[in-house]
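Read through the structure below, which is laid out as C-alpha cells, and then see the notes.
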Amino acid sequence: MSQSPLIYLVSPAKTLDFDNAALSDIFSQPVFLDEAENLIHRLRELDSQDLQALMSVSQNIADLNVARNEAWRRPFNLQNAKQAIYAFKGDVYTGINVETAGDQEISYLQDHLRILSGLYGVLKPLDLMQAYRLEMGTKLDNSQGKNLYEFWGDTIANHINAECTDGAVLVNLASNEYFKAAKKKLLTARIITPHFKDLKNGQYKMISFYAKKARGLMVRYAADNQVVDVDALKGFDYEGYTFNDALSKADDWVFTRDQAPA
C-alpha cells in the first residue's frame, strides 16, 4: 500500500464525463469494489421513482442512474470504466485541471490525493470507476444500517490511517458531508483544514463556487511544486490567494484574496 507523508482528501463531483477518453491508459483498481458492488445490488432494488424520492432529483436524472446501476459490471477495465480523476467534472476538478498535468504531476496526485465517495469509499485518482450517483449524505438503508455513514462505518478511517506513516499530515479539502465519513475522531494523523475566502462588501467570506475551485487549485499547486512539507502549502498563491496568518488559527488555515480573476 502506498504511504505518503501528505494526503489530501477531496469530495467527488456529481457531474461526470464518460464521453471523452481519458488522457492516460495507466490505471489502478479501487480497494473497496466488494463494498461498492454490495451498494449497487441495493440500488438495483430501487426504480426511477424511488431514486427521485431518495436523491431529490429529476426524473431524467433518476432514469439515467437506474440505467447506470443496471450497467455496472466487474471487472473494471478501460473499455467499461474510466480513471476517477478524468471522470469527475466539477468546481474542485476544474481547479485541479488534470488535463494540463504532466506525468510527474499525475504521479504526485496518485500518491497523495484521495477522493472520498459514497459508492466507492476511497478512490485514488487513477482508480477505475463506473458512472454512478450516490452522495455520501444519502439516507439509503442498507446491509449495515440506515445511511451511508453507517454502511462505511470505520472502514474509511481505518484505510486512511493505514496509508499514514508516522508524522503524516492530512489536508482536508473535502466538504463536511464527505469528511464526516472519515470519522475525524478515529484519524491518527494531524489534520490541516484550509479555508478559502474572498473579499465581499468589505469582509472576507467563503463563497461556495470560489472555495470549491480553490480546493482543487491547492491540490494542483501541491502537484506542480511536488510539495512534501505541509508548511510549503502556505505558499499557495494560485489565482490571487495568499495565506492570511491573522485569520488563521492552529490547523485551520485561511487563504484570502481581494479580487477574483475576471
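Heads up: numbering here begins at 1 and tracks the sequence. Being a predicted model, the structure only gives us computed values, none of them experimental.
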Exercise. Does atom OH of Y210 have more than 12 heavy-atom neighbours from other groups under 6.0 Å away?
Worked result: no

Problem set entry | Any F18 side-chain heavy atom under 4.5 Å of M129 side chain | yes

Problem set entry | From R220 atom CZ to E105 atom CD, the distance as rounded to the nearest 0.5 Å | 6.0 Å

Exercise. What do you reckon, is CG of N176 surrounded by more than 12 foreign heavy atoms closer than 6.0 Å?
Worked result: no

Exercise. Among the clusters formed by ILVMFWY side chains lying less than 4.5 Å apart, do I96 and I26 turn up in the same one?
Worked result: yes

Problem set entry | Derivation of the side-chain contact (heavy atoms from CB on, under 4.5 Å) call for V66 and D63 | CA-CA 5 Å; V66 167; D63 289 346; 5.5 Å; no

For this session: Kindly check if the number of other-residue, nucleotide or ligand heavy atoms within 6.0 Å of NZ (K89) is above 12?
Result: yes

Problem set entry | Heavy-atom closest pair, residues R68 and A131 | NE-CB, 3.5 Å

Seminar exercise, completed: Separation between CG (L217) and CZ (F255), nearest 0.5 Å, reads 12.0 Å

Exercise. CG of N161 to NZ of K183: how many Å apart, nearest 0.5 Å?
Worked result: 12.0 Å

Exercise. Linking I/L/V/M/F/W/Y whenever their side-chain heavy atoms sit closer than 4.5 Å, directly or via other members, would L148 and M55 fall into one cluster?
Worked result: yes

Exercise. Can L173 be reached from I160 by stepping across I, L, V, M, F, W or Y side chains whose heavy atoms are under 4.5 Å apart?
Worked result: yes

For this session: Take Y108 and V227, measure what side-chain contact (heavy atoms from CB on, under 4.5 Å) needs, and give me the verdict at the end.
Result: CA-CA 9 Å; Y108 181 93; V227 172; 3.8 Å; yes

Exercise. Hey, is the main chain of E150 close enough, under 3.5 Å, to the side chain of N147 for a donor-acceptor pair?
Worked result: yes

For this session: Would you tell me whether D224 and Y238 have side-chain atoms, one donor and one acceptor, within less than 3.5 Å of each other?
Result: yes

Exercise. Between Y120 and F32, is the ring centre distance below 6.0 Å?
Worked result: no

Problem set entry | Side chains of E177 and Y149 in contact at under 4.5 Å (non-hydrogen atoms) | yes

Problem set entry | K234, NZ: over 12 other non-hydrogen atoms inside 6.0 angstrom | yes

For this session: For the residue pair Q110 and S28, confirm or rule out a side-chain donor-acceptor distance under 3.5 Å.
Result: yes

For this session: Mark yes or no for whether W152, through its side chain, and A157, through its backbone, hold a donor-acceptor pair below 3.5 Å.
Result: no

Problem set entry | Distance-minimising heavy-atom pair for A174 and L116 | CB-CD1, 4.2 Å

For this session: To the nearest 0.5 angstrom, please state how far the CG atom of N69 sits from the CZ atom of R133.
Result: 12.0 Å

For this session: Dump the intermediate steps for side-chain contact (heavy atoms from CB on, under 4.5 Å) on L128 and Q29, then the final yes or no.
Result: CA-CA 6 Å; L128 292 176; Q29 293 285 351; 4.0 Å; yes

Exercise. So, are R257 and D198 salt-bridged, with charged N and O less than 4.0 Å apart?
Worked result: yes

For this session: Go through K213 and V92 one step at a time and tell me if the side-chain contact (heavy atoms from CB on, under 4.5 Å) criterion holds.
Result: CA-CA 5 Å; K213 185 180 179 185; V92 171; over 6 Å; no

Problem set entry | Distance in Å, E135 CD paired with L140 CG, rounded so as to fall on 0.5 Å steps | 12.5 Å

Problem set entry | Joint cluster assignment, L39 & L64, ILVMFWY side-chain distance < 4.5 Å | no

Exercise. Is the number of heavy atoms from other residues, nucleotides or ligands under 6.0 Å of D229 CG greater than 12?
Worked result: yes

Problem set entry | Contact summary for I192 and P194, nearest pair of heavy atoms | O-CD, 3.5 Å

Problem set entry | Distance-only donor-acceptor check, side chains Y204 and D258, under 3.5 Å | yes

Problem set entry | Main-chain N/O of N244 paired to S248 side chain as donor or acceptor, under 3.5 Å | yes

Problem set entry | Basic-acidic side-chain contact under 4.0 Å: D141, R42 | yes

For this session: Might you point out which heavy atoms bring L113 and P125 nearest each other, and give the distance in Å?
Result: O-CD, 3.2 Å

For this session: Looking only at non-hydrogen atoms, find the nearest pair between N38 and S143 and report the distance.
Result: ND2-OG, 3.5 Å

For this session: Give the cluster check for V228 versus V169: same hydrophobic cluster or not, with ILVMFWY residues linked at side-chain heavy-atom distances below 4.5 Å.
Result: no

Exercise. To the nearest 0.5 Å, how far apart are CD1 in I85 and OG in S24?
Worked result: 12.0 Å

Exercise. Under 3.5 Å, is there a donor-acceptor pair between the side chain of Q226 and the main chain of A223?
Worked result: yes

Problem set entry | Check: P75 main-chain N/O paired with N80 side-chain donor or acceptor under 3.5 Å | yes

Exercise. Can a salt bridge be assigned to the pair K82 and D17 using a cut-off of 4.0 Å between side-chain N and carboxylate O?
Worked result: yes

Problem set entry | Carboxylate-amine/guanidinium contact D154 K185, below 4.0 Å | no

Exercise. With distance as the sole criterion, is a donor-acceptor pair present between the side chains of R215 and S175 under 3.5 Å?
Worked result: no

Problem set entry | Shortest non-hydrogen separation from A13 to L16 and the atoms involved | O-CD2, 3.8 Å

Exercise. Is the count of non-hydrogen atoms from other residues, nucleotides or ligands lying under 6.0 Å from E37 atom CD greater than 12?
Worked result: yes

Problem set entry | Greater than 12 external heavy atoms within 6.0 Å of Q259's CD | no

Exercise. Parallel, tilted or perpendicular for Y241 and F236, by the 30°/60° rule?
Worked result: parallel

